[in-house]
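In this text, all values refer to a predicted model and were calculated from it rather than measured experimentally. We name chains A, B, ... by the order of the sequence lines, and we start the count at 1 in each one.
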There are 2 protein chains.
Amino acid sequence: MSGEDNLLKLVEVEEPEDQDYLLQEQVGFILRKAHQRHVSIFAAHIGDLTPPQFAALAKLRDVGETSQNQLGTLIAMDAATVKGVIDRLKARGLVELSKHEVDKRRLLVNLTAEGRDAIERLIPLAREITRETLAPLSAKEIATFMKLLAKLA
Amino acid sequence: MSGEDNLLKLVEVEEPEDQDYLLQEQVGFILRKAHQRHVSIFAAHIGDLTPPQFAALAKLRDVGETSQNQLGTLIAMDAATVKGVIDRLKARGLVELSKHEVDKRRLLVNLTAEGRDAIERLIPLAREITRETLAPLSAKEIATFMKLLAKLA
DNA sequence: TTGATATCATTTGCATACGAATGAATTTCC
DNA sequence: GGAAATTCATTCGTATGCAAATGATATCAA
């Protein structure tokens, strides 16, 4: 009996985690859930725009007219994804497209007047979304969390 | 000149953040990027299975046979999403479906022998994925981060 | 018991997300 | 100058992810 125990212990020392793998403790899984929660909070405050669409408008407000590809880089979207997002924003009249004079490959994107109005109107809501997402944490915890999260992203 | 400065300061005190809204500092945006990075690390280690598919297998390993809906609850997927995931795992022979004897609404899901082999084989890789995702942080930072992230999820 | 509710699963529609392939235009470099 | 490599954008295919509607079954309550 004690012989079996010792054998088990030896095995455990070599592979202490072989038996239990707890999905709900893995970063990836919790990261996915935290992201889901944020998207849900976002949707509750801004129903007619998705987070990626909002990101595109907010970044265009920052940098002004840019190429579609460059915008994608700035908001961490690959070319295929950003195209869909911009197409839908264009269909709603929030951005307008034009051809680059010099480099004919580039498709320039810019806010329309309506798009600018929309993003200015939505930013206060976005601040509230950030607040609500972080509400489970204290001010000090928020500072710590944001610092560490930034390291992972 | 100093009059203008004072006016600006007064405005700033009332609405200190009105002018600048930095997308790249918002939780939601960084959360999305951190999640993207994790998925990318996952794909580099486990190319033939997605994180949701892996989650389904890992949870079935934990709890054994369950209904599709219940599995969805356990891995934070809604009914429509979990159906697609299970369909694809079934098509690959990693899970098998059966009808609940008593409650005819329920669709039971379980690992096949092949599915069990697969998940056992993949778990060590998953541990490495977790390690690599958290690699930018020290051991102490990891503990702090996981505690705070769990509060947000 | 039966009528109202609730639960389980499916389907549809829309929106990311990304790999891979393609074509057009530009830049690099010999 | 011109071939090779690079960049920009598009398209296709596959896989989440979720809201809403629907149908089948089960449970609750009058």
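In this structure, A:Phe42 has its ring center at least 6.0 angstrom away from the ring center of B:Phe29.
Backbone-only contact: B:Thr50 has heavy atoms under 4.0 Å from sugar-phosphate atoms and none from a base. Backbone-only engagement by A:Ser67 is indicated by non-hydrogen atom pairs under 4.0 Å involving sugar-phosphate atoms exclusively. Counting non-hydrogen atoms under 4.0 angstrom, A:Val102 reaches the backbone sugars and phosphates but no base. Nucleic acid contact class of A:Val85 (heavy atoms, under 4.0 Å, all strands): sugar-phosphate only. At a threshold of 4.0 angstrom between heavy atoms, the contacts of B:Asp78 include nucleobase atoms, whether or not backbone atoms are also involved.
A 4.0 Å heavy-atom criterion places the boundary nucleotides of DNA chain C facing chain B at C:dT7 to C:dC18, written 5' to 3'.
Looking at B:Lys151 and A:Glu141, a side-chain N of the basic residue comes within less than 4.0 Å of a carboxylate O on the acidic one, giving a salt bridge. Between B:Arg121 and B:Asp117 no salt bridge is recorded (no basic side-chain N to carboxylate O distance below 4.0 Å). We find that B:Arg61 and B:Glu120 are joined by a salt bridge, their nearest charged nitrogen and carboxylate oxygen being less than 4.0 Å apart. One finds no salt bridge joining B:Lys90 and B:Asp87 here, because no Lys/Arg side-chain nitrogen approaches an Asp/Glu carboxylate oxygen to under 4.0 Å.
Of the residues in residues 94-101 of chain A, none lies under 4.0 Å from DNA chain D by heavy-atom distance.
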For this session: Could you walk me through whether A:Phe145 and B:Leu152 pass side chain to side chain contact (heavy atoms under 4.5 Å, CB included), step by step?
Result: CA-CA 10 Å; A:Phe145 178 75; B:Leu152 286 196; 3.5 Å; yes
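When each of A:Arg106, A:Lys99, A:His100 is tested with A:Asp103 by the rule side chain to side chain donor-acceptor pair (under 3.5 Å), just one qualifies, namely A:Arg106.
Looking only at atom types and distance, the side chain of A:Gln24 has a donor-acceptor partner in the side chain of B:Lys59 under 3.5 Å away. Using modelled atom types, one finds no donor on one side chain facing an acceptor on the other under 3.5 Å when comparing B:Thr112 with B:Glu96.
Of the two residues near DNA chain D, B:His35 and A:Ala79, the one whose nearest nucleotide lies more 5' is A:Ala79. When each of A:Gly84 and B:Gln70 is assigned the nucleotide of DNA chain C with its nearest heavy atom, B:Gln70 is the one assigned upstream, toward the 5' end.
Note on A:Arg32: a side-chain N or O is less than 4.0 Å away from OP1 or OP2 of D:dG17.
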